[in-house]
Amino acid sequence: MDRRVSLPRIIEVLSILDADIIALQEVFARGSREGQVELVADALKLHWAFGFTRHHDGRPYGNAILSRWPILQSRDMDISIEGRERRGCIRADVKSPRGTIHVYNIHMGTRYFERRKQVRALLASPQLHENLAGPRVLVGDFNEWTAGLTTRTLSAKFETLDTDLHVGRRKSFPGFLPMLRLDHVYFEKPLHIVKSEMVRTPLARVASDHLPLTATFSWPKP
């Protein structure tokens with residue numbers, strides 16, 4: 001938010017969170033220059049998967065999933081709408097100690113009718129339904145600041161993180177003075193939310209234009 005992209009302070013924020021799985025949007029992978037994804041993952045000693053959305057400034061640009069546990073495989077999903085900025089989702093199959101978790105990191109468009117088409121494309125994609133060995137978790141920047149069709153559709157299909165109940169705060173953007181709720185977490189049973197937090201430290205407020213949203217899950221044994 002001070003118009004600087006500082007990987008060391010981003011790494012510091014993420015290091016303090018000590019999350020098992022991290023979803024990042026709008027990041028560069030290795031191209032003509034060293035990639036942000038690789039640098040952050042190496043610093044945190046995490047596995048990583050990158051989902052390519054487009055080239056930006058001559059470099060691969062998109063979303064990434066970092067994990068403390070091995071990533072068995074990852075797949076890109078193109079949810080772009082003609083005439084609008086390219087958007088994507090990455091699926092990573094993570095081998096946790098409890099079993100496989102299918103994590104989807106999504107970055108949707110800023111227009112209402114764009115998101116309507118994107119959520120339909122997402123739900124119709126084979127990547128959301130095929131070769132599942134465990135529960136699914138959908139996270140990311142959905143760019144929906146009111147409970148529109150995207151929110152209603154996904155809430156009907158999945159459990160949702162109730163920020164009023166679990167966090168006490170709903171808004172995550174912009175980080176220095178949050179006014180909009182753009183970031184969401186959807187999941188399915190048997191996963192259960194234990195706690196969640198909207199991280200509002202001074203460093204987190206300037207490291208990104210979104211505040212980090214965390215969720216801790218339990219996975220009961222059958």
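Heads up: numbering here begins at 1 and tracks the sequence.
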Is it possible for you to say whether L7 and V27 belong to one hydrophobic cluster, with membership spreading through side-chain heavy-atom contacts below 4.5 Å? yes
Checking E114 side chain against I81 main chain: does a donor-acceptor pair fall under 3.5 Å? no
Can you name the residues that form a side chain to side chain contact (heavy atoms under 4.5 Å, CB included) with R116, not counting sequence neighbours? Y112, F113, R120, L149
Using 0.5 Å steps for rounding, measure from the CG atom of L24 to the CG atom of L14. 6.0 Å
On a heavy-atom basis, the closest approach of L122 and C89 is CD1-SG, 4.4 Å
May I ask you to decide if P70's main-chain N or O and S67's side chain share a donor-acceptor pair within less than 3.5 Å? no
Residues passing the side chain to side chain donor-acceptor pair (under 3.5 Å) test with E159, sequence neighbours excluded, are none
State plainly whether one hydrophobic cluster holds both M108 and L123, where clusters connect Ile, Leu, Val, Met, Phe, Trp and Tyr through side-chain heavy atoms under 4.5 angstrom apart. yes
Within the distance-only criterion (no hydrogens, no angle test), does the side chain of H102 pair as donor or acceptor with the backbone N or O of V137 below 3.5 angstrom? no
Looking only at heavy atoms, which two atoms of G134 and E188 are closest? And how far apart? O-OE2, 4.1 Å
Drop me the distance from L203's CG to I10's CD1, to the nearest 0.5 angstrom. 9.5 Å
Which atoms form the tightest heavy-atom contact between E26 and Q36, and what is the distance? O-OE1, 4.4 Å
Where the side chain of R98 meets the backbone of P220, is there a donor-acceptor pair that is under 3.5 Å apart? yes
With distance as the sole test, does S80 use its side chain to make a donor-acceptor pair with the main-chain N or O of R87 at under 3.5 Å? yes
Output yes when a side-chain donor or acceptor of R136 lies under 3.5 Å from a complementary backbone atom of Y104, and no otherwise. no
Are T216 and S196 side-chain neighbours, meaning at least one heavy-atom pair lies under 4.5 Å? no
Going by ring-ring contact (aromatic ring centres under 6.0 Å, His included), name the pairs with one or both residues in residues 70-97, residues two or more places apart or in two chains. none
Show your working on side-chain contact (heavy atoms from CB on, under 4.5 Å) between I65 and I22 and close with a plain yes or no. CA-CA 6 Å; I65 293 173; I22 299 170; over 6 Å; no
Looking at R86 and D78, is any side-chain nitrogen of the basic one under 4.0 Å from a carboxylate oxygen of the acidic one? yes
If we only count heavy atoms from C-beta on, is the R9 to V206 side-chain gap below 4.5 Å? yes
Between CG of L161 and OG1 of T214, what distance do you get to the nearest 0.5 Å? 8.5 Å
Counting only N and O atoms by type, is there a donor-acceptor contact under 3.5 Å from the side chain of H47 to the main-chain atoms of A41? no
Is there a continuous path of hydrophobic side-chain contacts, each under 4.5 Å between heavy atoms, that joins L66 to V5? no
Can you list the residues that meet the side chain to side chain donor-acceptor pair (under 3.5 Å) rule with R68, with sequence neighbours excluded? D18, D20
Stepwise, does the side-chain contact (heavy atoms from CB on, under 4.5 Å) test hold for Q118 with T150? CA-CA 8 Å; Q118 288 174 333; T150 299; over 6 Å; no
Ring centroids only, cut at 6.0 angstrom: are F142 and Y186 within range, meaning strictly under it? yes
Is D141 reaching over with its side chain to a backbone N or O of N143, donor-acceptor style, under 3.5 angstrom? yes
Report the distance from atom CG of N63 to atom CE of M77, rounding to the nearest 0.5 Å. 11.5 Å
State whether the side chain of E197 and the backbone N or O of A215 hold a donor-acceptor pair below 3.5 Å, judged by distance alone. no
For the rings on F187 and F158, is their centre-to-centre separation under 6.0 Å? no
Side chains of T160 and L154: closer than 4.5 Å at any heavy-atom pair? no
Hey, could you give me the CZ/CG distance between F50 and D76, rounded to the nearest 0.5 Å? 8.0 Å
I'd like to know if E85 and R54 make a salt bridge, using a cut-off of under 4.0 Å between side-chain N and carboxylate O. yes
Whether D93 and K95 form a salt bridge (side-chain N of Lys/Arg under 4.0 Å from carboxylate O of Asp/Glu) is what I want to check. no
Any donor-acceptor pair under 3.5 Å linking the side chain of S125 with the backbone of A121? no
Which residues share a ring-ring contact (aromatic ring centres under 6.0 Å, His included) with H56, sequence neighbours left out: F28, Y61
Interatomic distance, T53 atom OG1 to H107 atom NE2 [nearest 0.5 angstrom]: 9.0 Å
N105: partners by side chain to side chain donor-acceptor pair (under 3.5 Å), with sequence neighbours left out: Q25
